[in-house]
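Data first, discussion second: the structure below is written as structure tokens.
Below, all heavy atoms of this structure are taken into account, side chains as well, without hydrogens, waters or symmetry copies. These figures come from a predicted structure and were not determined experimentally. Indexing begins at 1, ligand by ligand and atom by atom, following the structure's order.
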Amino acid sequence: MNILIIGSGGRESAFAYKISQSPKLDKLYIAPGNAGTHQYGENVDLKVNDFEGIGAFAVQQQIDMVLVGPEEPLVKGIHDYFLSQEHLKGIAVIGPQQEGAQLEGSKDFSKEFMERHQIPTAAFKSFDKSNLEEGLAYLDTQNLPIVLKADGLAQGKGVLILESYEEAKSELKAMISDAKFGEASQVVVVEEFLKGIELSVFVLTDGENYKVLPSAKDYKRIGEGDTGLNTGGMGSVSPVPFADQSFLDKVEERIIKPTVDGLKKDNIPYKGFIFIGLMNVDGEPFVIEYNVRMGDPETESVLVRIESDLVDLLEGVAQGNLIDRSYTVSSKTAATVMIVSGGYPGKYEVGKVISNMENVKESIVFHAGTKQDGADVVTAGGRVLAVTALEDDLFSALQQATADAGRIFFQGKYFRTDIGFDLI
Ligand code: AMP
Ligand code: GLY
């Protein structure tokens, strides 16, 4: 099979690594990829939202399957584009069509979906220009803190947690009237605050059946001890020690099954990954959000634990017979530590030469924001490398990944040395 991965981050590197091991693979391409992905396949200079370019390339190279990494092309309808073109509709696309992608693309859609299918989530109400006054009055009836969420995609910045009514009101106005998050905040979901500990569960579905992938926890804040600004993710572990079997059984019964069944009942075709962000509130799971793709850096920790052939599973998704595919997961623990550019998630410099990667022997180094510059690999983004270790226990995995992150060098490099140690 010829496979094209869309994206360029650590997540796509992990996909490329795993897919390159498949006996079913003939040729692997990554568009656009990074300085690390060419170890596993061929990088293609195409932008993730260039559907025409991607389609033309897919025909030219006889691609059988396109695996979409990031949410943006899905929300913009890359899968629908392939289905709409006579010469592309035979190519399998892993990732939902536009309608299903609304689970991530619109918070209001996803909250309505959960309400309709009785999936546990925080209580909510949505407001826009037409009922802003009602929204402001509604805030006064809520407990503090209050959660405000921009309805649309806002690059992970559209969620505000406010500790006072004044702040909540002024932010609601800023979001709706002053377009604080642009179009994304034309509609705002006002949500009850859930107190607990977060984790993520991943599901692969062909729209009929599903496999529950390993769960993971990511660390979003830039600073040690979970302090400072939010980032795309500074590290991850899988499995999650506090998500025991009884908790995961609740997740499957109350959330995963009704989600897949709900999509079916609503006639929403869905072939791809569902990333369910959960809050564990005193042992009870609540959905914080859906994403229609895998997480980054969760994927790096999740995929190294999957023993089965990922291409076989993806083929099951495409053909609608996922139920027949074998699926086993390693009992080992994976830990990922992200190395980022100094200044990230604020302003940072790029083009710094990365050295010493060859001294990492025990962990896998997944490239994220990297670029080939002549003979050098240089930094090209905020999140630069994901260092993933797979060991018998959590402590060994954390120690290995953290130590190996320390072995790599570039000017201004930063990583958290405390990823996962809170779980021990
Ligand atoms: P989201 O973009 O929906 O993942 O929200 C970003 C972050 O805000 C989440 O990862 C949580 O840490 C936090 N958050 C979102 N919704 C809630 C909620 N209802 N209660 C508490 N924290 C929340
Ligand atoms: N690590 C969180 C995400 O991928 O959205």
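Look at G233 and you'll find every heavy atom at least 4.0 Å from all atoms of ligand 2. Within the 4.0 Å heavy-atom shell around ligand 1 one does not find K195. By the 4.0 Å heavy-atom criterion, R293 is counted among the residues contacting ligand 2.
Below 4.0 Å from some heavy atom of D218 lie the following atoms of ligand 2, by number and element: 1 (N), 2 (C). Short contacts between ligand 1 and M279, defined as distances under 4.0 Å to a heavy atom of the residue, involve ligand atoms 21 (C), 22 (N). Atoms of ligand 2 lying under 4.0 Å from any heavy atom of F275, numbered from 1 in the order shown and given with element: 3 (C), 4 (O), 5 (O). Of all atoms in ligand 2, listed by their number and element, those nearer than 4.0 Å to a heavy atom of G232 are 1 (N), 2 (C). Close approach of ligand 1 to K149 (heavy-atom distance below 4.0 Å) involves ligand atoms 3 (O), 15 (C), 16 (N). Set against the non-hydrogen atoms of L194, the atoms of ligand 1 under 4.0 Å away are 18 (C), 19 (N), 20 (N), 21 (C). Near E298, meaning under 4.0 Å from one of its heavy atoms, ligand 2 places the atoms 1 (N), 2 (C), 4 (O). Proximity to K220 (heavy-atom distance under 4.0 Å) selects the following atoms of ligand 1: 10 (O). Below 4.0 Å from some heavy atom of F193 lie the following atoms of ligand 1, by number and element: 20 (N), 21 (C), 22 (N).
A heavy-atom distance below 4.5 Å is not found between the side chains of I91 and D64. Using a 4.5 Å heavy-atom cutoff, the side chains of I419 and R416 are in contact.
The distance criterion of under 3.5 Å between nitrogen or oxygen atoms is not met by G295 with respect to ligand 2. Between D296 and ligand 2, a contact under 3.5 Å exists for at least one N or O pair. For K220, no nitrogen or oxygen atom sits less than 3.5 Å from a nitrogen or oxygen atom of ligand 2, counting backbone and side chain alike. Between R11 and ligand 2, no pair of N/O atoms sits closer than 3.5 Å.
For D178 and K180, the salt-bridge test fails: no basic side-chain N is under 4.0 Å from an acidic carboxylate O. A salt bridge between E284 and R254 is present, with a side-chain N of the basic residue lying under 4.0 Å from a carboxylate O of the acidic one. Taking a cutoff of 4.0 Å between a charged side-chain nitrogen and a carboxylate oxygen, D108 and K111 do not qualify as a salt bridge. Using a 4.0 Å cut-off between charged side-chain N and carboxylate O, D393 and K332 make no salt bridge.
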List the steps and the verdict of side-chain contact (heavy atoms from CB on, under 4.5 Å) for Y210 and E252.
CA-CA 11 Å; Y210 61 84; E252 185 161 5; 2.8 Å; yes

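Using a distance-only test at 3.5 Å, with no hydrogens or angles considered, no donor-acceptor pair links the side chain of S396 to the main chain of D392.
Protein heavy atom nearest atom 1 (P) of ligand 1, with residue, atom name and distance: E289 OE1, 3.5 Å. With respect to atom 19 (N) of ligand 1, the closest heavy atom belonging to the protein is E191 OE1, 2.7 Å. Atom 13 (C) of ligand 1 has as its closest protein heavy atom I161 CD1, 3.9 Å. Of the protein's non-hydrogen atoms, the one nearest atom 5 (O) of ligand 1 is V159 CG2, 3.3 Å. Remark: minimum distance from atom 23 (C) of ligand 1 to any protein heavy atom is reached at I288 CD1, 3.9 Å.
Ring centroids of Y348 and Y414 are separated by 6.0 Å or more, keeping the two rings apart.
Using a 30° and 60° split on the angle between ring planes, Y29 and F57 fall in the perpendicular class, above 60°. Ring planes of Y138 and F127: tilted class, angle from 30 to 60°. Using a 30° and 60° split on the angle between ring planes, F395 and F421 fall in the perpendicular class, above 60°.
Closest non-hydrogen pair, R11 versus M294, comes out as NH1-O, 2.8 Å.
For atom 9 (C) of ligand 1, the choice among E198, K157, K107 with the nearest heavy atom turns out to be E198.
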